[in-house]
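Here is the structure we will look at, set down as structure tokens.
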Amino acid sequence: MGLNYMAKKILTTPIKAEDLEDIRIGEVIYLTGHITTCRDVAHRRLIEGGRELPVDVNGGAILHACPIIRPLGDDKHEMVSVGLPPACVWRNSKMNL
């Protein structure tokens, strides 16, 4: 009986194609460096509206997430945290009741 070992790999942006060649299913991947976050509406605008991102993501990463922000006034906001989509959908649906 073999060991149940899960390999881990650390990737830092910018990521090159050769950095991804030896990744296997079940491995734990840590991602560091510049990561752009977009909500579902931004993805839709990019695809359906043909818009371009305001940043270059070549070799970078896009994290589909929803930021939780707090308004500070004078059209300024503070980032409180970033949630993953299921938590965001639940939180936003509660806020819109």
*Distance from K9 atom NZ to R24 atom CZ, nearest 0.5 Å?*
9.0 Å
*More than 12 foreign heavy atoms under 6.0 Å from CG of L72: is that the case here?*
yes
*Taking a hydrophobic cluster as the set of Ile, Leu, Val, Met, Phe, Trp and Tyr residues connected by side-chain heavy atoms closer than 4.5 Å, whether directly or through intermediates, do V55 and L46 fall within one such cluster?*
yes
*Got T13 and V57 here, is their nearest side-chain heavy-atom distance under 4.5 Å?*
no
*Distance, nearest 0.5 Å, that separates CG of N58 from CD1 of I15*: 11.5 Å
*Where do I25 and E27 land on the side chain to side chain contact (heavy atoms under 4.5 Å, CB included) test, with the steps shown first?*
CA-CA 6 Å; I25 293 173; E27 291 180 327; over 6 Å; no
*asked:* Check E78 with R70, please: is the shortest side-chain N to carboxylate O separation under 4.0 Å?
replied: yes
_Point-to-point distance, once rounded to the nearest 0.5 Å, from CD1 of I29 to CD1 of I23_ = 4.0 Å
*Kindly give the heavy-atom pair with the smallest separation between A61 and L31, and that separation in Å.*
CB-CD2, 3.6 Å
*Whether T12 side chain and G33 backbone form a donor-acceptor pair below 3.5 Å*: no
*Is it true that atom CD of E52 has more than 12 heavy atoms of other residues, nucleotides or ligands lying nearer than 6.0 Å?*
no
*asked:* Donor-acceptor pair, distance only, cut-off 3.5 Å: does the side chain of D74 make one with the backbone of K76?
replied: no
